[in-house]
Structure formats: structure tokens, C-alpha cells
Amino acid sequence: MTTWHRPGLAEALEPCRPVPPAKPNILKTLLAVQTVLGHVPTSAIPQIAQVLGLTDAQVAGVLSYYSDIRTRSPSRHLIRVCMGESCTANHGGRVLRAIQDHVRVAVGDTTPEGRFTVEKMSCAGNCAVSPTVMIDEDVCGRVTPSGVPSLLEPYT
Amino acid sequence: MKTTRLYLSNDTSSRAAGAGRLADAWSERPEIQLIRTSPRGAFFLEPMVERDTPNGREAWFNVVPDDLPRIVGGMGGTPVAGIPFLKQQTRFTFANFGTTEPLALDEYQTRGGLKGLEAARSLSPEAIVEELRISRLRGRGGAAFPVWKKWQVAQQTGSEQKYVVANADEGDAGTYCDRMIMEGDPFRLIEGMLICAQAIGATRGYIYCRYEYPAAAQTMRFAIQKAREADLLDFDDYPFDLEVVVGAGSYVCGEETALLESLEGRRGVVLAKPPYPAESGLYGKPTIVSNVLTFATIPNILTSGGAWHASLGTEGSRGTMAIQLGGRVKQPGLVEIPFGLTLREVLDRFGGGMAPGSRFKAVQVGGPLGSLFPESHLDISICYDTFAQAGAILGHGGIVVYDDETNMVELARHFMAFTADESCGKCTPCRVGSVRGREILERIQSGQGTAEDLILLSDLGETMKTASLCALGGRAPYPVETAIEHFGDEFRSKLSAFNLKQ
């Protein structure tokens, strides 16, 4: 097996190494890796599987299942536009279009200089002050299409 | 200099409405002391600032930084007790909201907190379950299963290790009361879970919190630490361990078997029941999985008695419901009232009508799998049984109002696309049915659909309802079918003219 070295990966994995009788926890391990590296590259799967004592397929299966575990390196800021029912009712779709027009990128893609990635999310639980846009961990409410440029400005 | 004490909510939605900007702007002002509390739940008034007066709290609404002199001068405030949106509610589970600092355990105790746990610790496990049976509490996550029955099964199943799991994967769009509890009154959730642990003999607890709620997860971790330091987690003969586990963005993980799979670190797919988690759940051990709101309701039941809880609400739906208003209403926010008001009464009395400039078209109750109601169907009583009779669900209490700019064909496609995205893939009716359903609706939307497509959609819906393993596939057809039932012209007008003639 080829060993794959990436700074931080081995350190991130060490606390996740299962100590019997504890069983390996793939999801927790992947989230721990993401916390350190910002994402979980698919090339790290063999090393993760080895530490957990599982097969590559078991790890890959969990990695592909959860939408909030990313396999690509993140941009500086992640914009998530809520498409939940309350935001949809409050025409959050118009906010999404305004954001795409402003940063000139399709949903799921990253701007060329790596500043923003734009994604949809299903509900931020901010329904009473919708439409909602989450930028990194900041939840912004009552967002209007015309307010998009000033909303994004501080995120450089 | 005399400082004025002001209260400002630190809830995520309050901050999203501008409370964070106020706190930043006022951070250096020596004339005030800013206390960050839980929210009142009247989010349409946020950011809302309160201060003490000899006649109770007064509030200022939709505050901007320049309003500070006015507030410090005591000019133009409204007595909180006189706000109609709040005055007409019956707050029990949310009684502390707006008044306390979330992580102040002493305040929680001063306001009656921990009395339920105290009561539970003086009772036998059987007597705790009996109190819940008398209360007739049903699970608040959506399935509305009698809570005592689950607890009794877990209690009577012999095992050295048992678990209590709070389902904080609040994925239903339009709902936010679990988030409010975790951010605003975290000790109430802990108290409810400890009462459950006492009743069934559990030694470990988990709060499975969705990834989208970082502030809620962090507040819960702090609250658990405080509870541990106060020795609340020590049972007579064993320590109870409580931990927050964060999910990673999967709607299905709100279903209890999928949640437990995810907690064990695997793909969050639904398992066939039985066995039920109360007999064989996490790592094969007896496990109680209940919604955050359910656990948060329990301390008051132990404090005031099951009979008190059973005296509220309607025949099949006892107690209060946390309704979460959202969408195009004028007054979105949290409403806690006994079951039994009609949907129209709730929308009029609390929603305050439509947002300025918009006209009512439909309301959806119970999240993305809930049915749509047009204006003519609003006189339905808010309780589990009347909704079940109408083929609808109360779910987790989310109510979203749509205005007349809403395109129903697009909305129906949106619902089916959601299920297709979130299906765990375990059962065929949901995995394949949701994709086929979305394709049919896309065909209709593009003007290529035929009258047969509507029949096909109906057939597909029947299969999904009957044969899906969980509520995601089983309920997904309802919002689509109620959209077609009540707004059929919008769908028919999109059908291809050639096929209409045939």
C-alpha cells in the first residue's frame, strides 16, 4: 500500500484510533480530519482506513454519504444560501441569483481567486428572519437581493 | 456614573436580525451594562432591547445603534407584558425565554429548574413512567408516539448499558424550536434527559446535533460542563456521561434508526423496525431516542404532575405545542399554546396577517413533508388526530405561509427534488420514486408533460406512501399531491396542448 503523507493528517487521526472495547467511528474521524485540514481528500482514505482498522470502501462510503464533509479544499469563505421552505416562501431564490450575479459563479463552484464557494443548504433554522444566507458560521437574516454586495464586502 | 442594565437576545436568529451589530456598536458604552439573554421568540421585533422598570420589563423593537439614548432615557418603550404576540401565549416549556441568561444555572434553578429532576430522584423508575403515562405526552419530533410506552420498554429490557439520545437533528425546514432550546435554555434539555436516564437506568447520553447549528452545539457543551461541575450528572451509584455529537448534513438522520447508525459513525441509513431502539438501539442496547422539545417538556411534568399536563390541550393531544411561524406572515416567531386552536386562528392571532404587500396563497404545516392548505381549509384544529384524519401531519410544528407569487409547479418540483437529494437510498420506493417524481414534475414544468403524467405521479405517490421504509419516502408525495389537489389549474395549464386534445 502506498503511504500518503500530508502534514497534520496523522496527528488528526491519532485520537481517533479505536481503543478496545471502543469501536471505530468513521464519521467522527472524518469530521476530525476536516477540522484540521479543512476538507477530507479522497487520497487520505487508505490512511484513515488503516488507522481505524477498516476497509477503504467502508470509509469511502461514509465520506460520500454526508454532504457537509468536503473532499475538495475549501475557498476562503463558504456562502450557503438557504433553500428551506420559509426562505423559499420569502423568495430566497432571488437572493441566490443576486449572489451568483455578484460573485459570478455557479452553485457548487468556487470563484477563480478562491474567495467564495456558493452552495445551497436545506434549512439553517433561521426561518423567522428569512431569507437566510450563511457565510462561514455567520448566519445573516432578512437578506435582500440589493443588500448582497454590502453583505459580502467584509469577507475578503 | 449610573449604568442602565439592558437585555439583548444572543440567539442565532436575533443575531441574524442585527443583535450582534448592536452589541458590537455598544460594547464601549459606559452608561449601559448589556446582558445577553435567550430570545422572547417574537422574532419579527428583533433586534429587541429590554430594560427593567418598576412595572416589569419594557422593550424597544427593531432597534438600531442610534436608538441607545432613547432607550437609556426610557423613552418610547412598550411593556413586554402588553405585547399581544406574547400575551396570548401559554408558556411552559418556553417560560424562561427572554428573561434568563442561557448558561446561568443559578437563574435556571431560581425559576423552578431542576425541581423535576429532584422529584424524579425521589420516585421509583416505575413511578416516573407512570407519571408520563398520566401526562399523555406524545413525542414532539413528528411521530407523536406516546413517550411512556417507549420508556417502559427500555426500562423493562434488561441490559447493563442503556442510552438516552436527544434528537437535535432538526432538519424540517420551517422549524427552529430545538435550536432555541439548546441555545436559550440548555439546562432544560439536560434535565429532561437526566429524568429519562433515571427512569430507564441509562448510563450514557448523547445529543445528536445537526452540523448547521454550531452555536447550539457549543452552548450545549458549555451547559454540560456546568452541569457536571455542579454534580448534576452524578447518580446515586454511577456517573452519567453526556456528550454532544455533531452530524454532517443528512436530513434522514432525524429518523431514529438512521440517527443511531450515524452516531455509530456509519452512513445514516434507515433500518427496518422492529427491533425498536427502546429494545435494541445504539450498539444493540436499549436506547431512548426523543426529540429535544420532548425532553424539554418533561421537567415541568415531573414538577407539576402528569395530571397537570393532561389537563391542557385536546383529547388526543395533551399539553402545549411549540408552533414555529415562518414564511410570508407579518409576525414570524415561536408560539407556545395548548393544542386545539384552528390553523386560521393561529395565523390571524399570532401571524398577524400577511407580510406587507403580499397576498395569501397556501400554508404548509409540518416541514417539507407536510401537506399544503389553501384558504378554504384553514379551519382545521391543531391537534394530531384532526391532522391525521385529513391526511396531514403536525410534524415538528413548523408552519410556513406562501404568497400568491409562489409558483406551485415549481414548489412541487422543489419538494420532490428535496426528497431525491436526501433519500438515504435504503428502500427502492423512496430512492427511485423520488427521482422519477422529480423528473415528471420537471417535464410538466417545461411544458412537455401530459395528462397521463399527472396520473403517473398519483400512482407513484401511492407506491411511495405504501412501501417506503420511513416517513421521508412515505410522506414525500403529500405536499406534491395537495399542491395538485388545491392548485390543479396551475399544473393543467402547463400540460402540453397536443396531449390535452387526445
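Numbers restart at 1 for each chain; the letters A, B, ... are given by sequence-line order, proteins then strands.
- Side-chain contact between Tyr211(B) and Leu31(A): present, with at least one pair of heavy atoms (C-beta onward) separated by less than 4.5 Å.
- Counting heavy-atom pairs closer than 4.5 Å to chain A, the top residue among Gly326(B), Ser262(B), Ala17(B) is Ser262(B).
- Rounding to the nearest 0.5 Å gives a distance of 9.5 Å between OG of Ser122(A) and OH of Tyr251(B).
- Proximity to chain B (any heavy atom under 4.5 Å) is shown, for Gln58(A), by neither the backbone nor the side chain.
- Between the side chain of Tyr176(B) and the main chain of Ala128(A), no donor-acceptor pair closer than 3.5 Å is present.
- The backbone N or O of Val62(A) sits nowhere less than 3.5 Å from a side-chain atom of Arg267(B) that would complete a donor-acceptor pair.
- Counting heavy atoms from C-beta on, the side chains of Arg210(B) and Cys123(A) come closer than 4.5 Å.
- For a residue to count as touching a neighbouring chain, one of its non-hydrogen atoms must lie under 4.5 Å from one of that chain's; by this rule Val252(B) touches chain A with the side chain only.
- When each of Val269(B), Asp11(B), Leu411(B) is scored by its heavy-atom pairs under 4.5 Å with chain A, the top score falls to Val269(B).
- Note on Glu264(B) versus Lys28(A): no salt bridge recorded, every NZ/NE/NH1/NH2 to OD/OE distance being 4.0 Å or above.
- Going from atom SG of Cys127(A) over to atom CG of Leu334(B) covers 11.5 Å, rounded to the nearest 0.5 Å.
- To the nearest 0.5 angstrom, Phe43(B) atom CZ is 12.0 Å from Ser130(A) atom OG.
- Note: Glu85(A) CD to Thr175(B) OG1 = 10.0 Å, rounded to the nearest 0.5 Å.
- Glu160(B) CD: 12 or fewer foreign heavy atoms inside a 6.0 Å radius.
- Considering OG1 of Thr88(A) and CZ of Arg328(B), their distance stands at 12.5 Å, rounded to 0.5 Å.
- Heavy atoms of Pro24(A) lying under 4.5 Å from chain B belong exclusively to its backbone.
- When each of Asn90(A), Thr29(A), Leu30(A), Leu63(A) is checked for heavy-atom pairs under 4.5 Å with chain B, Asn90(A) comes out on top.
- The candidate from Gly249(B), Ala16(B), Pro332(B) with the greatest count of non-hydrogen atom pairs under 4.5 Å with chain A is Ala16(B).
- Side-chain contact between Tyr66(A) and Cys253(B): present, with at least one pair of heavy atoms (C-beta onward) separated by less than 4.5 Å.
- Only the backbone of Asp172(B) comes within less than 4.5 Å of a heavy atom of chain A; no side-chain atom from C-beta onward does.
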Query - Steps toward salt bridge (charged side-chain N to carboxylate O under 4.0 Å, His left out) verdict (Glu405(B), Arg94(A)) - result: CA-CA 12 Å; Glu405(B) 286 183 50; Arg94(A) 294 171 194 170; 2.7 Å; yes

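- Going from atom CZ of Arg266(B) over to atom CG of Asn25(A) covers 9.0 Å, rounded to the nearest 0.5 Å.
- Of all the heavy atoms in Ala89(A) and Gly327(B), the pair that sits closest is CB-CA, 3.9 Å.
- Heavy-atom pairs under 4.5 Å with chain A were tallied for Glu170(B), Arg179(B), Gln324(B); the largest tally goes to Arg179(B).
- No other option in Gly125(A), Gly141(A), Pro131(A), Cys87(A) has as many heavy-atom pairs under 4.5 Å with chain B as Gly125(A).
- Residues Ala173(B) and Gly84(A) share a closest heavy-atom pair of CB-CA, 3.7 Å.
- Surrounding CD of Glu137(A) are at most 12 heavy atoms belonging to other residues, nucleotides or ligands under 6.0 Å away.
- Taking all atoms of both residues into account, the shortest heavy-atom contact from Ala124(A) to Tyr213(B) is O-CE2, 3.5 Å.
- For the set Asp403(B), Leu325(B), Thr406(B), the entry with the most heavy-atom pairs within less than 4.5 Å of chain A is Asp403(B).
- With a 6.0 Å radius and a threshold of 12 heavy atoms from other residues, nucleotides or ligands, Lys361(B) has its NZ atom above the threshold.
- Between chain A and the options Glu46(B), Met180(B), Arg15(B), the largest number of non-hydrogen pairs under 4.5 Å is found for Glu46(B).
- Residue Glu422(B) touches chain A through its side chain alone, counting heavy-atom pairs closer than 4.5 Å.
- Summarising the local packing, CZ of Arg76(A) is surrounded by more than 12 heavy atoms from other residues, nucleotides or ligands at distances under 6.0 Å.
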